Amino acid sequence: MKYSHSKIEKKWQKIWARHNFRIWHASDNPTKKHIYILDMFPYPSGEGLHVGHVEGYTASDILSRFYRMQGYDVLHPMGWDAFGLPAENYALKTKKPPQDIVPKNIKRFKEQLRALGFSYDWSREINTTDPNYYKWTQWIFLQLFKKGLAYEEEAYVNWCPNCKTVLADEEVEEGKCDRCGTEVERKKLKQWVLKITAYADRLLKDLDLLAWPERVKTMQRNWIGRSEGVEITFKIADSDRYLKVFTTRPDTLFGATYLVLAPEHPLINDITSSTYQNEVRRYIEESLKKSDFERQTNIKEKTGVFTGTYAINPANKERIPIWISDYVLMNYGTGAIMAVPAHDERDFSFAQEFHLMIKEVISPDGKEHLSLDKPYTGEGILVNSGPFDGIHSTIAREKITFYVNGQKVINYKLRDWIFSRQRYWGEPIPIIKCPRCGNVAVPEKDLPLKLPMIKKYEPTGEKESPLADISSWVKVKCPQCGGEALRETNTMPQWAGSSWYYLRYLDPKNKKFLVDPKKEKTWLPVNIYIGGVEHAVLHLLYARFWHKFLYDIGVVSTLEPFHKLINQGIILGEDGEKMSKSRGNVINPDSIIKQYGADSLRMYEMFLGPLAFSKPWSSQGIIGIYRYLNRVWDLIVNSKNFDVIPAKAGIRDSHLHGNDKLRRKDEFIMTPEAKKQLNHNLEALERIRHRTIQKVTEDIKNCHFNTAISSLMEYTNKLTEIPTSYINKKYFDTLVILLSPFAPHLSEELWHSYLKHRRLVAQEPWPTFSKKYLEDKNITIVIQVNGRIRGTVEVAKDSSQEKVQKEAKSIIKKYLTGQNIRKVIFVPNKLINFVIKS
RNA sequence: GCCGAUGUGGUGAAAUUGGUAAACACGCGAGGUUUAGGACCUCGUGCCGCAAGGCUUGAAGGUUCGAGUCCUUCCAUCGGCACCA
């Protein structure tokens, strides 16, 4: 019998699919040990599943199957993140509504996931575009609105002229739209904004609670960008106005030789002296035209303009000029800085450009230097700082802050989350704009506020979404005063639905509430969350924000949603480059499944290397796994290996051919050496079985799937060395059970049809190992002289030093003759090291 | 520039607390089987050397009886952030 992967896989997929895959359903039984293993749900694009999805989903499937066999109640759900631009853009291109396209894509994805044998609990399937789902997305928005955490604000925002919508800061990469690559523009627009900054501190601090990869935590820390500093007030000279600046280095205050305002700073009009007004106006116009990105690209060349006005440095009462420059950003700190060119690179280059005074106040060696050719940004001793001379900068920070009555403040780089999109395919924002009452929440009983079908969903390119055209939908009575009002026509961003989906899996059909508190307590937090690193500052930050908000209003009981996060690495093309259509190096999972089967694909991706590494695909490599599965099949089904030992032992079997060999397996006459070898192998086999169970168990727990597979191969190789007829069936049972999370179809087939078990292998308890079998009776001890290996000796386990030393000495006699042994280091069951004088 | 991760054969990679570096595979070489190719099976395969032996985990130091593993400095690759005062 040949291993026919496609037949076997179809057969078992059909069996698993009975009763909507009931065998994979989580039971919600509160008395059982439970574990929540979650995948980042896919965006069902028209492209279908790629090999990167397969990697993460296989890892989580192995874990799920493993924990089920270990007796856990496992929650392993799947769903669809289907709102957002890709579906809508595809709809525009094909002139079909997204409502038609999305279900088709979902169907394709679901078939592909099924063809890979993933053990999802499909009874909990969710879809972010389903009104029964987004009802609760809207509900969460309303709670944010009621707490004042969702509000409208007129601000400069990122506008993508191609996607014709605003974007969140997180969606802009190097000044470009992360979706289409178009350079974003700066537009002043009134937008819905979520106050994520109110949670900045908690989002930062609680990272310490999480078992996440360090780089993801670092990315979030950098993104939140907390910095402690001081606000210092400067008096404007010849005026009774004041100006606040933010600095993290108040110790350098005596070196502040000018101030700089952002071009958007509200005080500019009031303080600019009449002679400089034209110049200032021109400069501001120029810089407001630039996008944030343009302002940030030319880092070296500084531009700016003098206001003609001076301020008083509160430390030394010196008059210092006030300048305007676009290297100062309005939306960080106070939009104004004190410039200390001697100790800051940006201020230094600005001062050089405009010939402003550079005054040294921090010196690494405590001496004054006549001139600086570059700024010194480190700590040191204060000079030129009046009463503070000679004090170390770290101490002077406090003292000078107190001296000038500075206010300690904490600033964050994190900005509030711009939450409206001028596009059709998203959750409608449940707000009614009433000319009398202002923004009014849609009553909760009217949720979901359904997204209406529409003829033209092209983006308007204006601040309204295409929904604005449907007057029957837009015109509405104000729920508060009953007067004529209009609906908000903007929709939510793609990230809304994915910010809480892990909660809905717990209770997907609950009509009364987002999630039953009892179920929430049973399952949260998610124990293991697997997905790509590309969501580090988008989805993962947004979801943590919403979760913390839901915690505050009592919907969830844990501080954090995802306890352990695992990022799978990227699978590169065979050329070592990122897979892409234009490079032509894309590997299609469907064709791999067709050629080698889902089991081979799953197992190959796991064998490739550590889960978190980026690894290139190798079409030779998958053949290696395919061969291995064939060997397992042959071992159990065809028992091809039976003649190995006799052949080695010198029995001539050349007159036997093909199937004759199989039939004649019991007729071998063994030579004494062959018998001895066989007995030795059989004795070793039980220890190897236990060790393999231990290794595979621990490796799966640690997600070391590549080494788990290695030890399965070693175990299989050992079994192949012994004639099948001598092997107790339990050795094959163990192999198939251990293999089943990796290659479930093949395993079920062998388990059922050849090892003749009645239950599914997936429902078999995971095997256990016992300590007493883990170690050999005899142990090889390494013999070293001065730490260099000179030989080995086999002794009984736990032999005394005396005994080992005696034997070892005789083995490496030639290295010791005439030498003075100074010291002997003995590590029981490991090594013995003779230290001799040289 | 700052932050994070990673550097081991021809390739993907293994290696409890520091204790036989290169497990498991791919590739390659030789042989077997096969009408042939493919598939399969057996043996070999870090480097130098005929051998004895010596060398080897990005580089250089250090700690130790002993370092891929610990410490210091440096280099390279990948990823993230980047005028955030």
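It should be emphasised that the depicted structure is a prediction, and the values quoted were computed from it without experimental measurement. Reminder, nothing fancy here: chain letters follow the sequence lines and each chain counts from 1.
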For Ser614(A) and for Met338(A), locate the closest nucleotide of RNA chain B by heavy-atom distance; then report the residue assigned to the nucleotide nearer the 5' terminus.
Ser614(A)
Let me spell it out: for each of Val172(A) and Gly225(A), pick the nucleotide of RNA chain B with the closest heavy atom. Which residue's pick is nearer the 5' end?
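Result of the comparison: Val172(A).
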Shortest non-hydrogen contact between Phe826(A) and Ser799(A), atoms and distance
CZ-O, 3.8 Å
Readout for nucleotides 14-25 of chain B: B = base within 4.0 Å of protein heavy atom, S = sugar-phosphate only, - = neither; 5' to 3' it is S--B-BBS-BBS
Side-chain donor/acceptor of [X] to backbone N/O of [Y], under 3.5 Å:
X: His535(A); Y: Leu541(A); answer: no
X: Ser711(A); Y: Lys695(A); answer: no
X: Glu574(A); Y: Ser619(A); answer: yes
X: Asp575(A); Y: Glu577(A); answer: yes

Side chain of Thr218(A) - closest among rG4(B), rG80(B), rC83(B):
rG4(B)
State the syn/anti category of rG31(B) according to its glycosidic angle, syn meaning within 90° of 0.
anti
Stepwise side chain to side chain donor-acceptor pair (under 3.5 Å) check, Ser349(A) with Tyr327(A):
CA-CA 11 Å; Ser349(A) 53; Tyr327(A) 83 89; over 6 Å; no
Presence of donor-acceptor pair under 3.5 Å, side chain of Lys302(A) and base of rC83(B)
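Under the 3.5 Å cut-off, the side chain and the base do form a donor-acceptor pair.
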Contact under 4.0 Å: Lys615(A) side-chain N or O vs rG12(B) OP1/OP2
no
Report yes if a side-chain nitrogen or oxygen of Tyr332(A) is closer than 4.0 Å to either non-bridging phosphate oxygen (OP1 or OP2) of rA85(B); otherwise report no.
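Looking at the OP1 and OP2 atoms of rA85(B), one of them is under 4.0 Å from a side-chain N or O of Tyr332(A).
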In this structure, how many angstroms lie between the [atom2] atom of [N] and the [atom1] atom of [X], rounded?
X: Arg415(A); N: rC81(B); atom1: CZ; atom2: C1'; value: 13 Å
X: Met219(A); N: rA5(B); atom1: CE; atom2: P; value: 13 Å
X: Trp617(A); N: rU11(B); atom1: CH2; atom2: C1'; value: 16 Å

Run Thr303(A) and Tyr283(A) through side chain to side chain donor-acceptor pair (under 3.5 Å) and show every step you take.
CA-CA 9 Å; Thr303(A) 59; Tyr283(A) 181 76; 2.8 Å; yes
Give the stems involving RNA chain B, where a stem is 3 or more consecutive Watson-Crick or G-U wobble pairs (i with j, i+1 with j-1, and so on) under 3.5 Å.
B:1-7 with B:75-81, B:10-12 with B:24-26, B:27-32 with B:40-45, B:46-48 with B:53-55, B:58-62 with B:70-74
CD of Glu345(A): more than 12 outside heavy atoms within 6.0 angstrom?
no
Pairs involving residues 612-633 of chain A, ordered by first then second residue, that meet salt bridge (Lys or Arg N to Asp or Glu O under 4.0 Å) (sequence neighbours left out)
Glu55(A)-Lys615(A)
